[in-house]
Peer 1: 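Starting off with a structure, shown below.
All values reported here derive from a predicted model rather than from experimental measurement. Each residue takes its place number in the sequence, starting with 1.
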Amino acid sequence: MNEPTTTTPLRPGMTALEAIRHHCVHDCMGGDRRAVEECADAGCPLHPYRFGRRATTCPHRPTPAIRSFCLYRCMGGDAEAVVGCELSPDVDPRYSPCHLYSFRCGCNPNYAAATAGRDSARSSCVV
């Protein structure tokens, strides 16, 4: 599992693309934006989104990419560990939570909150 880092706090309403950009710049590359540009890890599910925008060649949306990253890159394929991730917004205040946390199950919490009550299947995320 990734260790928590001392980065900026989680911003409510952050989009999946903003969360990926923040993760790539701050959590993966230690704040080095040039390293993000030069990232050669094309096998990373977040690679096509590392600039904070959707790549035209990418076949899927960013939330499934985050789910894949959390499941295979962070938790070693353990779906229960993804659901029980300890890097939630309630972590030790000395650390910032993982900015991918809210999207870890492949759902967009901003969409789920906006449509609460209309589509109960979308309001609960399960890996």
Peer 1: Check whether any side-chain heavy atom of H23 lies under 4.5 Å from a side-chain heavy atom of I20, and answer yes or no.
Peer 2: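 No, every pair of side-chain atoms sits at 4.5 Å or beyond.
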Peer 1: Calculate, to the nearest 0.5 Å, the distance between atoms OG and CD1 belonging to S102 and I66 respectively.
Peer 2: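 Spacing of OG (S102) from CD1 (I66) equals 9.0 Å.
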Peer 1: Applying side-chain hydrogen bond (donor to acceptor under 3.5 Å, both in side chains), which residue pairs with at least one partner in residues 36-48 are found, sequence neighbours left out?
Peer 2: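 Only D41-R73, H47-R50 qualify under side-chain hydrogen bond (donor to acceptor under 3.5 Å, both in side chains).
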Peer 1: Do any N or O atoms from the side chain of R67 and from the backbone of R104 form a donor-acceptor pair under 3.5 angstrom?
Peer 2: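 Side chain of R67 to backbone of R104: no pair is present.
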Peer 1: Which heavy atom of A65 sits nearest to which heavy atom of Y49, and what is that distance?
Peer 2: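 Answer, listing the atom of A65 first, then Y49: CB-CE1, 3.5 Å.
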Peer 1: Under the side chain to side chain contact (heavy atoms under 4.5 Å, CB included) rule, collect the residues that match up with Y72, sequence neighbours excluded.
Peer 2: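 Listed in chain order: S68.
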Peer 1: Using modelled atom types only, decide if a donor and an acceptor are shared between the side chain of N110 and the backbone of M14 within a distance under 3.5 Å.
Peer 2: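 Yes.
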Peer 1: For the atom pair CG (L87) and CG (D27), what is the distance rounded to the nearest 0.5 Å?
Peer 2: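 Interatomic distance, L87 CG to D27 CG, rounded to 0.5 Å: 9.0 Å.
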Peer 1: Can you see which heavy atom on Y101 is nearest to which on C85, and at what distance?
Peer 2: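 The answer is CE1-O, 3.7 Å.
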Peer 1: Which other residues end up in the same hydrophobic cluster as V36, if Ile, Leu, Val, Met, Phe, Trp and Tyr are linked when side-chain heavy atoms come under 4.5 Å apart?
Peer 2: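 Direct or chained contacts put V36 with V25, M29.
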Peer 1: Considering non-hydrogen atoms only, spot the tightest contact between L46 and L100 and give its length.
Peer 2: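 Smallest heavy-atom distance, with atoms named: CD1-CD1, 3.8 Å.
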Peer 1: Minimum heavy-atom separation for A16 and T63, please, with both atom names.
Peer 2: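 Reported closest heavy-atom pair: CB-CG2, 3.9 Å.
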Peer 1: With rounding to the nearest 0.5 angstrom, report the NE2 to NE2 distance, H26 to H99.
Peer 2: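 H26 atom NE2 to H99 atom NE2 measures 8.0 Å (nearest 0.5 Å).
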